[in-house]
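Keep in mind that this is a model prediction, so the values were computed, not measured. Just so you know, ligand 1 is whichever comes first in the structure, and atom 1 is the first atom listed for that ligand.
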Amino acid sequence: MNSALAPDSGFVAIAIDGPAASGKSTLARLLAQKLGLVMVNSGSMYRAVTWKALREGVDPHDHAAVIALLHRTRLDCGDDGTYSTIAVDGIDPGEELRSSAVNANVSAVSAVPEVREALVALQRDYLNRASIVMEGRDIGSVVFPDTPFKIYVDADEHVRTARRRDAGEHDPVAKRDAADSGRVHAPLIVSEGAAILDTSHHTIESGVAAAIEILKQQGLKLA
Ligand code: DC
């Protein structure tokens with residue numbers, strides 16, 4: 001296994017951003033495996049708050065209610081040495097984080113600035129413990145704006161919709177992307193310094209190879 005070395009010493013953050021079903025999770029997971037880093041799924045954190053809101057009957061569009069829910073929730077964000085893990089008040093929601101109901105409501109919850117502030121702090125904390133590949137929407141723009149290692153992963157909308165369908169998931173990707181890109185706080189953007197990788201016509205293997213080339217050009221040294 002290779003290890004990724006920062007240009008200076010210390011932990012490295014590789015930021016992978018992009019719209020829903022662009023292939024960023026698969027790419028982040030495989031990059032982390034190849035480089036010997038921990039893969040952190042920041043979307044799971046927004047999904048976890050949404051999951052609890054739905055369980056408690058809290059309206060995801062009611063900002064005050066979502067903030068109150070956040071304040072009475074304990075989120076434990078860790079990792080198993082390979083992937084990030086999350087527990088909500090001591091419970092791992094598992095696959096329920098990817099339910100249709102969570103898919104349909106997570107954009108509303110993630111538009112609440114207080115939610116973002118709390119979760120960004122948890123995301124940054126990972127870098128105190130390990131070198132990471134973190135995927136999300138604002139990792140290169142807000143969470144780790146100073147990292148030199150940034151990739152914006154994209155794919156045609158029909159390719160992204162088909163990927164979700166093939167995975168047996170109902171996910172309104174276009175609607176979710178419009179909400180995630182159009183929100184006021186930390187919208188999905190191509191952050192400064194990010195290289196764009198369009199995975200529409202890549203296989204998984206060729207996509208990972210292209211990402212590694214990009215990271216090398218951005219200065220990542222592989223041991
Ligand atoms: O990556 P994902 O599809 O699991 O993310 C779920 C939602 O969480 C996404 O629609 C927007 C939100 N999100 C965000 O606002 N910022 C992030 N860094 C990651 C996800």
Does only the side chain of [X] get under 4.0 Å from ligand 1, or the backbone, or both, or neither? Count heavy atoms.
X: A20; result: neither
X: M134; result: neither
X: K24; result: side chain
X: D17; result: neither

Taking side chain to side chain contact (heavy atoms under 4.5 Å, CB included) as the criterion, tell me which of I132, I139, L122 meets it with V40.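 Running side chain to side chain contact (heavy atoms under 4.5 Å, CB included) over I132, I139, L122 with V40 returns exactly one hit, I132.
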
Close-contact set for ligand 1 against [X] heavy atoms, below 4.0 Å:
X: S107; answer: 10 (O)
X: S110; answer: 11 (C), 12 (C), 15 (O)
X: R183; answer: 14 (C), 15 (O), 16 (N)
X: I139; answer: 18 (N)
X: G43; answer: 4 (O), 5 (O), 19 (C), 20 (C)

Please check this pair: side chain of [X] against backbone of [Y], looking for a donor-acceptor N/O pair closer than 3.5 Å.
X: D17; Y: D138; value: yes
X: R160; Y: A155; value: yes
X: Y126; Y: S131; value: no
X: S84; Y: N41; value: yes
X: D156; Y: H158; value: no

Of all heavy-atom pairs between [X] and [Y], which one has the smallest distance, and what is that distance?
X: G207; Y: H202; result: N-ND1, 3.6 Å
X: A186; Y: R116; result: CB-NE, 3.5 Å
X: L69; Y: E56; result: CD1-OE1, 3.6 Å

Would you tell me whether S107 and D180 have side-chain atoms, one donor and one acceptor, within less than 3.5 Å of each other? yes

For M45 and ligand 1, answer yes if some heavy atom of the residue is under 4.0 Å from a ligand atom, otherwise no.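 It does not; every heavy atom stays at 4.0 Å or beyond.
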
Residue-ligand contact R116/ligand 1, heavy atom below 4.0 Å: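 It does; at least one heavy atom falls under 4.0 Å.
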
Nearest-neighbour protein heavy atom for [atom], which is reported as residue plus atom name and distance:
atom: atom 6 (C) of ligand 1; value: R176 NH1, 3.4 Å
atom: atom 11 (C) of ligand 1; value: D180 OD2, 3.3 Å
atom: atom 19 (C) of ligand 1; value: S42 OG, 3.3 Å
atom: atom 4 (O) of ligand 1; value: R47 NE, 2.7 Å
atom: atom 13 (N) of ligand 1; value: Y46 CD1, 3.6 Å
atom: atom 18 (N) of ligand 1; value: D138 OD1, 2.8 Å
atom: atom 17 (C) of ligand 1; value: R137 N, 3.4 Å

Does the pair E213/K216 count as a salt bridge with the N-to-O cut at 4.0 Å?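 Salt bridge present between E213 and K216.
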
Step by step, work out the side-chain hydrogen bond (donor to acceptor under 3.5 Å, both in side chains) result for T199 and R163. CA-CA 12 Å; T199 64; R163 283 177 182 164; 3.2 Å; yes

Nitrogen or oxygen of Q123 less than 3.5 angstrom from that of ligand 1: no

